[in-house]
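Scroll down for the structure; my scribbles are underneath it.
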Amino acid sequence: MYLSLLLTAAAVASAANAPVKCPIVFDGRVKATTQLTDFDSYSTSLFNAEYVKGQNLKWSQIVKFPTVNTSRFDNDTHKPFEVTISDTSIFQTQKGFRRAGLQFQGDTNNGSPASTGIKTIHFSIKQDPQRALNLSHEYLNVWHEAADYSANQFNFEAGTILGQTSLPRNTWKVLNRQNKQVWSTPIDNTEWQNFAITLDFGKNTLQVYYSKGDEPLKSVTSAVSNNNAGEGQYQIGMLKKPTGTSDVVNSGFQESRINEGLIYGGLFIEDSAGGCVSL
Ligand SMILES: *[C@@H]1O[C@H](CO)[C@@H](O)[C@H](O)[C@H]1NC(C)=O
Ligand SMILES: *[C@@H]1O[C@H](CO)[C@@H](O)[C@H](O)[C@H]1NC(C)=O
Ligand SMILES: *[C@@H]1O[C@H](CO)[C@@H](O)[C@H](O)[C@H]1NC(C)=O
């Protein structure tokens with residue numbers, strides 16, 4: 001009896017989530033009281049209500065609130081959310097992609113506070129067994145795209161990377177601006193996986209932090225050299241590339257009746273001036 005009480009107390013304690021230590025620049029942690037329709041309006045969403053998604057879809061049709069425990073940097077005032085894609089997830093004329101990507105409201109393409117100094121984007125992700133990814137495809141899930149859309153300063157990806165099929169498909173991969181893999185870890189099908197990526201816009205470096213479940217983050221790369229120039233915006237969600245084409249934006253093969261998603265929690269950008277990173 002005494003032992004089981006102790007174990008219960010320990011389980012509750014380990015579920016008490018970690019505080020954010022550094023000043024938050026953009027908070028993408030969704031409040032527990034948030035309704036799906038709150039994502040549809042600039043006045044109620046943390047994100048851009050009109051981007052980046054199929055024009056005929058509302059964010060309230062794209063986002064789900066799955067029944068899963070909160071992740072490391074969430075607490076009882078937050079809830080996880082899932083970004084899904086379907087056959088209608090076609091942005092503008094980009095018929096090759098199936099995509100739905102959230103942008104922080106205020107993360108302007110030019111002059112964003114999150115594209116200067118030293119900033120760390122945090123995100124935790126979890127698989128939805130009902131909406132599994134098809135790892136024969138390449139997925140972009142989190143990235144920072146330069147303001148002139150000519151490159152992404154980094155990509156956080158899964159699946160089969162086009163042109164780099166020697167990389168295993170069942171891993172999360174951090175790629176640098178040249179699309180070279182900096183680090184990877186196996187996709188876990190049950191646990192939360194927690195990531196943080198620090199971009200030093202002055203020194204042009206990138207550093208990756210990682211943990212699983214409730215574990216504290218650990219640095220898993222050094223601050224590796226990366227060209228972070230060109231400002232731009234972060235994007236978080238799902239972008240599924242087609243197969244069998246050299247023009248991935250506009251053409252190629254996508255399965256029909258797509259019903260895929262990825263669960264997110266603990267999403268925020270913090271100011272890492274002076275080396276501050278929440279672990
Ligand atoms: C939440 O975590 C507790 C303790 O680990 C576990 O018993 C429970 O099944 C989890 N709930 C969900 C919905 O994952
Ligand atoms: C939960 O997180 C919020 C930040 O969104 C913070 O203000 C609040 O103090 C936290 N609550 C607990 C119980 O830690
Ligand atoms: C996964 O994608 C490949 C390539 O598009 C396709 O051939 C295959 O049928 C898909 N598998 C599932 C389970 O959808």
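Source: prediction; values computed, not measured. Only this structure's heavy atoms are used, side chains among them; waters, hydrogens and symmetry mates stay out. Remember, it's 1-based here, ligands and their atoms both numbered in the order they're listed.
Within ligand 3, counting atoms from 1 as listed, the ones closer than 4.0 Å to a heavy atom of Phe253 are 5 (O). The ligand atoms of ligand 2 that sit less than 4.0 angstrom from a heavy atom of Arg29 are 4 (C), 5 (O).
Shown here is Asp247, whose CG atom has more than 12 heavy atoms of other residues, nucleotides or ligands within 6.0 Å. For Lys64, the NZ atom counts as densely surrounded, since its 6.0 Å shell holds more than 12 non-hydrogen atoms of other residues, nucleotides or ligands.
Ligand 2 is never approached by Lys31 to a heavy-atom distance shorter than 4.0 Å.
At least one donor-acceptor pair under 3.5 Å links the side chain of Thr171 to the backbone N or O of Pro168.
For Phe156 and Trp172, the distance between ring centers is under 6.0 angstrom.
Among all non-hydrogen protein atoms, the one lying nearest atom 5 (O) of ligand 3 is His137 NE2, 2.7 Å. Among protein heavy atoms, the minimum distance from atom 7 (O) of ligand 3 is reached at Glu255 OE1, 4.1 Å.
Residue Asn134 holds the heavy atom nearest to atom 1 (C) of ligand 3 of all those in Asn134, Thr160, Leu133.
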### Task
Let me see the working for Ser115 and His144 under side chain to side chain donor-acceptor pair (under 3.5 Å), right down to the final yes or no.
CA-CA 9 Å; Ser115 297; His144 189 282; 2.9 Å; yes

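Using a 4.0 Å threshold on non-hydrogen atoms, atom 9 (O) of ligand 2 does not count as touching the protein.
In terms of polar-atom proximity, Asn75 is counted as a contact of ligand 2, with an N or O under 3.5 Å from an N or O of the ligand.
Taking the ring centre of Phe65 as origin, the terminal cationic atom of Lys79 falls inside the region bounded by 6.0 Å and 45° from the ring axis.
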